[in-house]
**Student:** 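Have a look at this one.
Quick caveat, the model's predicted, so the values are computed rather than measured. First the proteins, then the strands, lettered A, B, ... as listed; each starts at 1.
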Number of protein chains: 2
Amino acid sequence: MSKQAASRTVLDLNSDTPCCQPLAQRRVPAETAAVLAPAFKALGDPVRLQLMSMIASAEGGEACVCDLTPAFDLTGPTISHHLRTLREVGLVDAERRGTWVYYRARPAILRQLATLLAVEPTTTS
Amino acid sequence: MSKQAASRTVLDLNSDTPCCQPLAQRRVPAETAAVLAPAFKALGDPVRLQLMSMIASAEGGEACVCDLTPAFDLTGPTISHHLRTLREVGLVDAERRGTWVYYRARPAILRQLATLLAVEPTTTS
DNA sequence: TCTCTGGTTAGACGGGCGTCAAGACAGGGT
DNA sequence: ACCCTGTCTTGACGCCCGTCTAACCAGAGA
């Protein structure tokens, strides 16, 4: 949190306090949907979903762009564009250390999304 | 539980058996991402996210279109279009009973998505 | 059967998204 | 200081998405 961050005002999605109840328990209000939908939309691209997974599951919790880019059959700018999309919705955070840029996942917002999708283990049938 | 399960033509998103491990534990393969991304994309629209919530949290587990449509400032065909999107990715199921059409949530795929986004409760910071 | 209501489908339009090539920027090495 | 490597930004292009109006289809009721 040293640099200017994403300057996107991601609300409280990055906090650990749950922003909302599970989707199946209470109807999600319009304002909440307007804030959470972009995060799901960001994960709605196969490349970004893989990028998110590679970053979140990386050793030490961070992944270098130099490791992410060659994993796809896409150009560098395209990967950079997808990474920026993930950053703008608060799913990842970027940090430049020397030559390379490292991306780190933000588990808080992932928890928010997972909580929203949570379903009762035994709901009728 | 090897990666062989992903070699299927279509992942069984409607089964209760988890299709994959959490996104932050293991890198999600391309085929899995290609199947799951559309589901996230479907939830990436505020209207569809609210529709999904209204259906999943409805009494009796199902919601009538006649109750869904007036909740938005959109035309009937637009709501119908969004509902079809949710149906095509397997998030909901539609059934016509008499005059009205009822939509029902599919908790299995919701569980799949929630599992994918699951994060260790106490990992690092 | 005819008609009325509710819901979906078809067609179209404007805006946004994914992708690339080319240029700009940041740091390190010589 | 210069260049070289690595990454991000810009501008552009084509496709897809969200929305609408108009037309079509399925049941219920008379």
**Student:** Which part of the nucleic acid, if any, lies within contact of B:T99, taking any heavy atom under 4.0 Å across all strands shown: a base, the sugar-phosphate backbone alone, or nothing?
**Tutor:** sugar-phosphate

**Student:** Under 3.5 Å, side chain of A:T32 to main-chain N/O of A:V28, donor-acceptor pair present?
**Tutor:**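 Pair absent, no side-chain N/O of A:T32 close to backbone of A:V28.
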
**Student:** Using a cut-off of 4.0 Å on non-hydrogen atoms, how would the nucleic acid contact of A:G76 be classed: base, sugar-phosphate, or nothing?
**Tutor:**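 It contacts nothing in the nucleic acid.
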
**Student:** Return the value, rounded to whole Å, for the distance between atom CG of A:L51 and atom P of C:dG18.
**Tutor:**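 Atom CG in A:L51 sits about 12 Å away from atom P in C:dG18.
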
**Student:** What integer distance in Å separates B:E95:CD from D:dG27:P?
**Tutor:** 12 Å

**Student:** Would you mind reading off the distance between A:R96 atom CZ and D:dT5 atom P, rounded to a whole angstrom?
**Tutor:** 16 Å

**Student:** Is any side-chain N or O of B:K41 closer than 4.0 Å to OP1 or OP2 of D:dC16?
**Tutor:**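 No, because none of the side-chain N or O atoms of B:K41 sits under 4.0 Å from OP1 or OP2 of D:dC16.
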
**Student:** Check the distance between C:dC17's C1' and A:L43's CG and give it to me in whole angstrom.
**Tutor:**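 About 16 Å, once rounded to whole Å.
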
**Student:** I want to verify a distance call: between D:dT19, C:dG6, C:dT19, whose nearest atom is closest to the B:V47 side chain?
**Tutor:** D:dT19

**Student:** Is there a continuous path of hydrophobic side-chain contacts, each under 4.5 Å between heavy atoms, that joins A:Y102 to A:M52?
**Tutor:** no

**Student:** Between A:L74 and B:C66, name the one whose nearest nucleotide on DNA chain C is closer to the 5' end.
**Tutor:**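 Here B:C66 is the residue nearer the 5' end.
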
**Student:** Would you kindly compare B:H82 and B:P77 by the position of their nearest DNA chain D nucleotide and give the one closer to the 5′ end?
**Tutor:** B:H82

**Student:** For B:L83, which contact category applies under a 4.0 Å heavy-atom criterion: base, sugar-phosphate, or nothing?
**Tutor:**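 No contact.
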
**Student:** Checking B:S80 side chain against B:G76 main chain: does a donor-acceptor pair fall under 3.5 Å?
**Tutor:** no

**Student:** Quick one: label B:I79 by what it contacts on the DNA or RNA (base, sugar-phosphate, nothing), any heavy atom closer than 4.0 Å.
**Tutor:** nothing

**Student:** Identify whether any heavy atom of A:R48 sits under 4.0 Å from a base atom; if not, whether one sits that close to sugar-phosphate; answer base, sugar-phosphate or nothing.
**Tutor:**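 Sugar-phosphate, backbone atoms only, no base.
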
**Student:** Would you mind reading off the distance between A:Y102 atom OH and D:dC8 atom C1', rounded to a whole angstrom?
**Tutor:** 17 Å

**Student:** Look at the side chain of A:R104 and the backbone N and O of A:D93, then say whether any donor-acceptor pair between them is shorter than 3.5 Å.
**Tutor:** no

**Student:** OP1 or OP2 of C:dT8 sitting under 4.0 Å from any side-chain N/O of B:S80?
**Tutor:** yes

**Student:** Identify which one of A:L51, A:V89, A:L91 satisfies the side chain to side chain contact (heavy atoms under 4.5 Å, CB included) criterion when paired with A:L43.
**Tutor:**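 For A:L43, the side chain to side chain contact (heavy atoms under 4.5 Å, CB included) check succeeds only for A:L91.
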
**Student:** Taking only side-chain nitrogens and oxygens of B:R84, does any of them come within less than 4.0 Å of OP1 or OP2 of C:dT9?
**Tutor:**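 Indeed, a polar side-chain atom of B:R84 lies that close.
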
**Student:** CD of B:E88 versus C1' of D:dG18: gap in Å, rounded?
**Tutor:**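 Answer to the nearest Å: 14 Å.
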
**Student:** For a quick test of reading the model: is some side-chain N or O of A:H81 closer than 4.0 Å to OP1 or OP2 of D:dT10?
**Tutor:** no

**Student:** Could you tell me the separation between the CZ atom of A:R87 and the C1' atom of D:dT7, rounded to a whole number of Å?
**Tutor:** 11 Å

**Student:** For C:dG7, does OP1 or OP2 lie under 4.0 Å from any side-chain N or O of B:Y103?
**Tutor:**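 For C:dG7, neither OP1 nor OP2 has a side-chain N or O of B:Y103 closer than 4.0 Å.
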
**Student:** Rounding to an integer number of Å, can you tell me how far A:R97 CZ sits from C:dG28 C1'?
**Tutor:** 16 Å

**Student:** Do the side chain of A:S53 and the main chain of A:L49 share a donor and acceptor less than 3.5 angstrom apart?
**Tutor:** no

